[in-house]
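Just so it is clear: chains get the letters A, B, ... in the order the sequence lines come, proteins before strands, and each one is counted from 1. The model shown is predicted, which means the values in this text are computed figures rather than measured ones. Side-chain atoms are counted along with the backbone in the values below, which use heavy atoms only and exclude waters and symmetry mates.
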2 protein chains.
Amino acid sequence: MRPVESSGNGIDVTENVEERRATAPVVKLCPHNTGISCSNCRLNDLCLPIALNEGEMQQLDDIVERNRPYKKGEHLYRQHDRFKSIYAVRSGSFKSYVLSSSGAGRVTGFYLPGEIIGMDGIADRIHANSAIAMEHSSICEIPFNQLESLSLKLPILQHNFFSIMGAEITKVQKVHTILSSYSAEQRIVSFLLGISSRYARVGLSPSRFHLPMTRGDIGEYLGLTVETVSRLLTALQKKEYIEVDNREISLLNLAALREIVGADDI
Amino acid sequence: MRPVESSGNGIDVTENVEERRATAPVVKLCPHNTGISCSNCRLNDLCLPIALNEGEMQQLDDIVERNRPYKKGEHLYRQHDRFKSIYAVRSGSFKSYVLSSSGAGRVTGFYLPGEIIGMDGIADRIHANSAIAMEHSSICEIPFNQLESLSLKLPILQHNFFSIMGAEITKVQKVHTILSSYSAEQRIVSFLLGISSRYARVGLSPSRFHLPMTRGDIGEYLGLTVETVSRLLTALQKKEYIEVDNREISLLNLAALREIVGADDI
DNA sequence: CTGAATCTTTGAGCTATATCAAAATAACGG
DNA sequence: CCGTTATTTTGATATAGCTCAAAGATTCAG
């Protein structure tokens with residue numbers, strides 16, 4: 001009944017990554033591996049190094065720190081920590097969240113492979129969020145001061161980083177629109193379509209994927225309760241727009257889903 | 001009954017700016033004036049030129065274009081326009097918004113003096129929003145390509161712009177939290193406190209200010225209806241936490257307002 | 001200054017989503 | 001493998017904020 005093995009043990013995720021890879025060339029490397037470098041990273045054409053030549057990429061490579069993998073539940077940084085680095089997700093996934101004084105945390109973002117996390121600390125050198133691994137994950141740490149220095153020497157790198165920050169602004173603004181004007185159903189669908197295209201970006205299937213986050217996380221992120229998230233996933237399944245098997249999601253009727261959010265979404 | 005003249009004619013705003021100036025040194029210059037330069041701009045210590053020396057500021061000045069003022073309702077740029085520049089608001093105010101295919105626009109941001117608008121186009125070189133003057137306003141246009149080039153030469157400028165973009169990310173993420181977890185009352189109060197501190201930043205009174213936007217704009221921004229915005233402003237007035245006279249707002253009980261949003265806000 | 005258009009307020013009722021409760025399922029540490 | 005804990009689902013009920021409606025106030029063009 002379960003079509004794809006769940007990622008419980010933190011290793012099979014890696015296998016899924018290769019297994020579900022769609023179009024991009026497959027490089028046979030464990031993505032958690034620390035022996036990797038930017039030039040042989042399968043994500044280098046959608047990360048900081050885009051369009052850098054070999055020599056430039058080498059210079060970037062020299063400042064990147066590839067730490068040990070993070071276990072599920074480990075923090076990358078915590079709210080109010082001094083900001084030191086930004087991080088590129090190499091494998092696995094993270095969520096960022098804030099704790100309100102009233103106790104309850106609110107999820108502010110999800111970060112999938114090829115995405116940059118930590119930019120919430122750039123402005124005032126203090127992280128505004130906490131970031132935690134949702135599964136066994138690995139990252140490339142890029143010390144920000146060194147990135148700034150290198151960006152002065154490599155115009156393309158500076159340009160790329162401006163673009164990455166700009167994309168983050170656009171992405172968060174999009175969420176603003178979703179939260180301020182979409183119904184619960186539209187939020188969920190928009191979320192699923194967003195995850196889908198983010199997986200597609202790194203060569204994974206856009207129509208069949210594993211959600212690394214809980215229903216509760218999704219609810220916090222979208223401003224809904226767990227119950228509403230659960231009910232709506234069930235309802236969408238009943239309509240045969242999606243298939244839900246715990247955290248495995250299949251998008252069965254893309255056209256209908258796009259219709260729900262109104263075509264200008266994602 | 002009306003303590004401060006409304007900004008209907010687009011000129012008295014300027015007068016209010018000087019009149020309500022609190023602590024920063026007053027430079028007697030019409031803020032709409034085009035003869036201004038970064039070095040004598042009263043906003044230069046909270047805009048792009050922070051910490052630049054005279055020579056550096058001159059170089060920045062050389063790429064800044066100071067166009068004619070914008071009349072209320074004029075567009076600075078429109079959704080899908082080619083991205084060319086970012087803009088620093090020198091006086092007046094703008095709002096950014098997106099149009100959904102379903103017709104209704106949604107306000108995505110408000111931009112007050114000393115703030116930068118237009119970063120929504122950096123990532124893919126197409127503006128994701130439209131931007132429109134909410135009153136008679138003037139801006140400094142900074143062509144982005146030239147800003148990038150100059151940033152390679154002036155480390156402090158590069159640093160400042162990274163910080164400004166980082167601040168935009170943090171600001172929009174904050175709105176995410178507000179929309180996903182605050183009640184209507186908390187949203188309104190948070191909004192008022194936010195406007196207050198943004199005015200304070202440019203030396204205006206934090207406790208008494210003019211709202212340049214309509215109730216409808218506020219509602220779209222906060223994911224509420226006009227009616228709810230209106231009702232809640234009335235209710236807050238009834239509690240004597242604020243005083244409302246059309247678009248003139250006085251914050252009467254800061255402590256109570258902060259209590260409502262839960263202390264960790266703003 | 002005048003009339004039209006826009007914005008704001010207020011009321012009455014409705015509904016989408018929250019809340020509360022509890023059972024069913026899955027994940028996890030030992 | 002097993003008991004515990006966390007997550008997910010489902011149901012019943014409550015309510016915050018929406019919708020519809022209409023009057024009042026303000027702004028704006030001419």
Of all residues at least two apart in sequence or in a different chain, which pass the salt bridge (charged side-chain N to carboxylate O under 4.0 Å, His left out) check with A:Arg215?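 A:Arg215: no salt bridge (charged side-chain N to carboxylate O under 4.0 Å, His left out) contacts found.
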Got a sec, which residues hit salt bridge (charged side-chain N to carboxylate O under 4.0 Å, His left out) with A:Lys239, two or more places apart in sequence or on another chain?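 Partners of A:Lys239 under the salt bridge (charged side-chain N to carboxylate O under 4.0 Å, His left out) test: A:Glu185.
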With sequence neighbours left out, write down each residue that passes ring pair (Phe, Tyr, Trp, His ring centres under 6.0 Å) with A:Tyr111, or none if nothing qualifies.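 Per chain and number, A:Tyr111 pairs via ring pair (Phe, Tyr, Trp, His ring centres under 6.0 Å) with no residue.
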Ring pair (Phe, Tyr, Trp, His ring centres under 6.0 Å) involving A:His127 - partner list, sequence neighbours excluded: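 Only A:Tyr77, A:Phe83 meet the ring pair (Phe, Tyr, Trp, His ring centres under 6.0 Å) criterion with A:His127.
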Considering every strand and a 4.0 Å limit on heavy-atom distances, what is the contact class for B:Gly223: base, sugar-phosphate, or nothing?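 Touches sugar-phosphate only.
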Determine the contact category for A:Gly73: base if any of its heavy atoms lies under 4.0 Å from a base atom, sugar-phosphate if only primed atoms, P, OP1 or OP2 are that close, otherwise nothing.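 Touches nothing.
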Respond yes when some side-chain nitrogen or oxygen of [X] is under 4.0 Å from OP1 or OP2 of [N], and no when none is.
X        : N      : value
B:Arg247 : C:dT8  : yes
A:Asn246 : C:dA27 : yes
A:Thr228 : C:dT17 : no
A:Lys72  : C:dC28 : yes
B:Thr225 : D:dG17 : no

Please report, rounded to the nearest Å, how far the [atom2] atom of [N] is from the [atom1] atom of [X].
X        : N      : atom1 : atom2 : answer
A:Leu222 : C:dA18 : CG    : P     : 11 Å
B:Glu185 : D:dA16 : CD    : P     : 11 Å
A:His210 : C:dA26 : NE2   : P     : 14 Å
B:Glu227 : C:dA12 : CD    : C1'   : 12 Å
B:Lys71  : D:dA29 : NZ    : C1'   : 14 Å
A:Ile188 : C:dA16 : CD1   : P     : 16 Å
B:Glu220 : C:dC7  : CD    : C1'   : 13 Å
B:Ile218 : C:dC7  : CD1   : P     : 13 Å

Mind listing the N/O atom pairs, protein and nucleotides 2-6 of chain C, below 3.5 Å?
none

Report the end-to-end axis angle of the helix from C:dC1-D:dG30 to C:dG30-D:dC1; each axis comes from five terminal pairs, and the value is rounded to 10°.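 About 70°, once rounded to a multiple of 10°.
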Does A:Glu65 have any side-chain contact (heavy atoms from CB on, under 4.5 Å) partners at least two apart in sequence or in another chain, and if so, which?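 Once residues adjacent in sequence are excluded, the partners of A:Glu65 under the side-chain contact (heavy atoms from CB on, under 4.5 Å) criterion are A:Asn67, A:Lys84, A:Glu141, A:Pro143.
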Residues in side-chain hydrogen bond (donor to acceptor under 3.5 Å, both in side chains) contact with [X], at least two apart in sequence or another chain:
X        : answer
B:Gln237 : none
A:Arg247 : none
B:His80  : none

Working to the nearest 0.5 Å, report the span between CD of B:Glu240 and OG of B:Ser250.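 Taking CD in B:Glu240 and OG in B:Ser250, the distance rounds to 12.5 Å.
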Strictly below 4.0 Å, heavy-atom distances to any atom of DNA chain D: list the hits from residues 230-238 of chain A, or just say none.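 Correct list: A:Ser230, A:Arg231, A:Thr234.
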Distance-minimising heavy-atom pair for B:Thr214 and B:Asp217: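 Residues B:Thr214 and B:Asp217, closest heavy atoms: OG1-N, 2.9 Å.
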A:Arg68 to A:Tyr70 six-membered ring, cation-pi geometry met (6.0 Å, 45°):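 Yes, cation above the ring, under 6.0 Å and within 45°.
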Can you pull out every salt bridge (Lys or Arg N to Asp or Glu O under 4.0 Å) where at least one residue sits in residues 186-195 of chain B? Sequence neighbours excluded, please.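 Found none.
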